[in-house]
Amino acid sequence: MTGHPHRPAPRHADETGSARTVRSVSFGGGVQSTCLLVLAAQGSIDFKTFLFANVGHDSEHPDTLRYVHDVAMPYAASHGIELLELQRIPKKGVAKGQSETVWGRLTRPDSRSLPIPVRMSNGAPGTRGCTADWKVRVVGAELRRRGATVENPATVALGISVDEIERAKPGIDPKARYQRRVYPLLDLGLRRSDCQRIIADAGLRVPRRSACYFCPLHSNEEWRSLKRHTPELFERACWLESHLNERRRSLGKDEVWLTRYGRPLAEVIDDQLTFDAPGADGCDSGWCMT
Ligand code: SF4
């Protein structure tokens with residue numbers, strides 16, 4: 001499922017032979033998980049392993065990938081912290097051993113799969129498999145490789161801040177029972193603005209919110225920002241929406257959208273009368289956008 005097949009697995013037991021608990025942070029390359037990285041470097045939280053599940057070079061916002069590679073990884077290395085990048089390597093659908101990206105799955109000519117939370121005609125996001133397939137399972141495979149089991153689950157820290165507390169679901173993940181979720185930013189009472197300050201005080205540039213640039217959970221403001229600052233990515237998102245609908249029409253299926261307005265993205269974002277409803281958008285899992 002994940003990369004790095006040739007790297008030897010670390011030992012799973014201490015000198016007394018008892019199993020150690022695997023501990024890691026799910027690193028998204030955004031504000032909250034970068035704050036966790038700084039806190040770990042400063043010794044404020046006890047995590048030495050950060051796992052970044054990259055959903056695709058053609059899917060993550062390029063700024064996020066630049067930040068992970070140019071800022072976070074050198075910072076982690078200089079503080080003795082392992083920041084490991086992982087990719088989804090499925091058993092079928094792509095050439096053996098090749099990684100699969102979210103964009104790649106969506107645009108594959110023979111694909112009928114719709115893993116992202118596209119909006120239906122009523123504006124509600126559909127079910128999604130992207131977070132589970134490209135984040136939870138990819139990180140989970142690495143945790144199991146390091147010794148996590150249902151009997152001795154890994155402790156996985158997720159970057160949820162106090163202002164997003166409703167996203168937190170502490171304890172054993174019922175869909176991945178070899179991992180127990182913890183939320184250090186909540187324990188420390190930190191808000192997103194605190195995280196930004198902590199990152200800046202450490203001398204690091206503050207990253208953007210991490211997510212696929214075409215994620216249907218974007219707020220209108222995020223779409224407008226994408227259009228303003230990276231029009232080529234906005235165009236690609238518009239193309240994706242239209243491409244998905246062409247395919248769905250050929251299959252006799254109803255249309256889907258990247259926003260909740262039931263209209264093409266380009267029209268919606270040009271319409272200055274579309275406002276964000278508080279709490280209407282965002283990822284509720286804690287695995288994306290951190
Ligand atoms: S950012 Fe959005 S589209 Fe990308 S994996 Fe997460 S939920 Fe899916």
Side-chain angles (χ1 to χ4, degrees), residues 28-32 55-56 58-64 101-109 111-135 160-161 163-167 192 207-290:
V31 170
Q32 283 91 342
V55 305
D58 51 6
S59 308
E60 301 270 5
H61 195 293
D63 284 355
T64 299
T101 68
V102 177
W103 176 273
R105 167 86 71 82
L106 286 166
T107 58
R108 206 171 65 208
S111 175
R112 296 189 173 196
S113 167
L114 206 42
I116 63 172
V118 287
R119 307 279 181 163
M120 316 313 283
S121 54
N122 65 0
T127 54
R128 66 172 138 150
C130 48
T131 308
D133 285 353
W134 274 269
K135 294 273 185 187
I160 301 286
S161 48
D163 41 318
E164 307 178 321
I165 194 166
E166 66 285 353
R167 295 172 70 193
R192 181 180 167 86
R208 60 174 296 113
R209 191 180 192 216
S210 66
C212 299
Y213 63 85
F214 47 78
C215 180
L217 300 179
H218 281 332
S219 65
N220 292 348
E221 189 43 47
E222 283 167 318
W223 285 121
R224 286 198 187 98
S225 172
L226 189 74
K227 182 175 180 183
R228 201 177 312 129
H229 300 296
T230 47
E232 68 289 358
L233 293 182
F234 183 77
E235 283 302 316
R236 275 171 72 84
C238 293
W239 178 87
L240 176 66
E241 185 184 62
S242 141
H243 173 75
L244 295 178
N245 278 329
E246 264 173 42
R247 189 164 67 206
R248 286 179 68 84
R249 276 192 291 274
S250 74
L251 296 169
K253 294 186 172 178
D254 55 348
E255 293 175 314
V256 292
W257 310 100
L258 295 184
T259 66
R260 70 188 118 100
Y261 299 96
R263 290 189 288 139
L265 175 60
E267 282 179 24
V268 169
I269 299 309
D270 276 346
D271 179 356
Q272 296 302 313
L273 295 176
T274 50
F275 297 106
D276 286 322
D281 296 290
C283 168
D284 62 0
S285 74
W287 286 85
C288 297
M289 305 182 180
T290 68

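Computed from a predicted structure; not experimentally measured.
Without hydrogens or angle criteria, Asn220 side chain to Ile269 main chain gives no donor-acceptor distance under 3.5 Å.
Applying the salt bridge (Lys or Arg N to Asp or Glu O under 4.0 Å) criterion to Arg228, with sequence neighbours excluded, gives Glu221. Taking Pro117 as the reference, Pro125, Arg128, Cys130, Pro216, Leu217 meet the side-chain contact (heavy atoms from CB on, under 4.5 Å) condition, with sequence neighbours excluded. The side chain to side chain donor-acceptor pair (under 3.5 Å) check on Ser59 picks up nothing, with sequence neighbours excluded. Looking at residues two or more places apart in sequence or on another chain, you find a side-chain contact (heavy atoms from CB on, under 4.5 Å) between Thr64 and Glu60, His61, Val68, Arg208, Ser210.
Contact detail for Asn122 and Ala124: the closest heavy-atom pair is OD1-N, 2.9 Å. Closest of all the heavy-atom pairs between Arg119 and Leu258 is CG-C, 4.1 Å. In terms of heavy-atom proximity, His243 sits nearest to Thr107 at NE2-CA, 4.0 Å. The two residues Ser161 and Gln32 have their closest heavy-atom pair at OG-NE2, 3.0 Å. For Leu106 against Leu244, the heavy-atom pair with the smallest separation is O-CD2, 3.9 Å.
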Using side-chain contact (heavy atoms from CB on, under 4.5 Å), reason through Val55 and Lys135 one step at a time and then give a plain yes or no. CA-CA 7 Å; Val55 305; Lys135 294 273 185 187; 3.7 Å; yes
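Summarising the geometry, atom OG1 belonging to Thr101 is positioned 10.0 Å from atom CZ belonging to Arg108; distances are rounded to the nearest 0.5 Å. Between Trp223 atom CH2 and Cys215 atom SG the span is 7.5 Å, to the nearest 0.5 Å. For the atom pair CH2 (Trp257) and OG (Ser242), the distance works out to 9.5 Å, reported to the nearest 0.5 Å. Atom-to-atom distance recorded for Arg167:CZ and Cys288:SG is 8.0 Å, nearest 0.5 angstrom.
At least one side-chain heavy atom of Val256 sits less than 4.5 Å from a side-chain heavy atom of Asn245. Contact check for Pro115 versus Asp133: no side-chain heavy atoms found under the 4.5 Å cut-off.
For residues 241-252, the set of pairs meeting the salt bridge (charged side-chain N to carboxylate O under 4.0 Å, His left out) definition, not counting sequence neighbours, comprises Arg248-Asp254, Arg249-Glu255. Counting only residues at least two apart or on different chains, the side-chain hydrogen bond (donor to acceptor under 3.5 Å, both in side chains) pairs with a member in residues 229-239 are Tyr213-Arg236.
Side chains of Ser219 and Glu222: a donor on one and an acceptor on the other come within 3.5 Å.
Among the candidates Leu226, Leu233, Ile116, the single residue satisfying the side-chain contact (heavy atoms from CB on, under 4.5 Å) test with Phe214 is Ile116.
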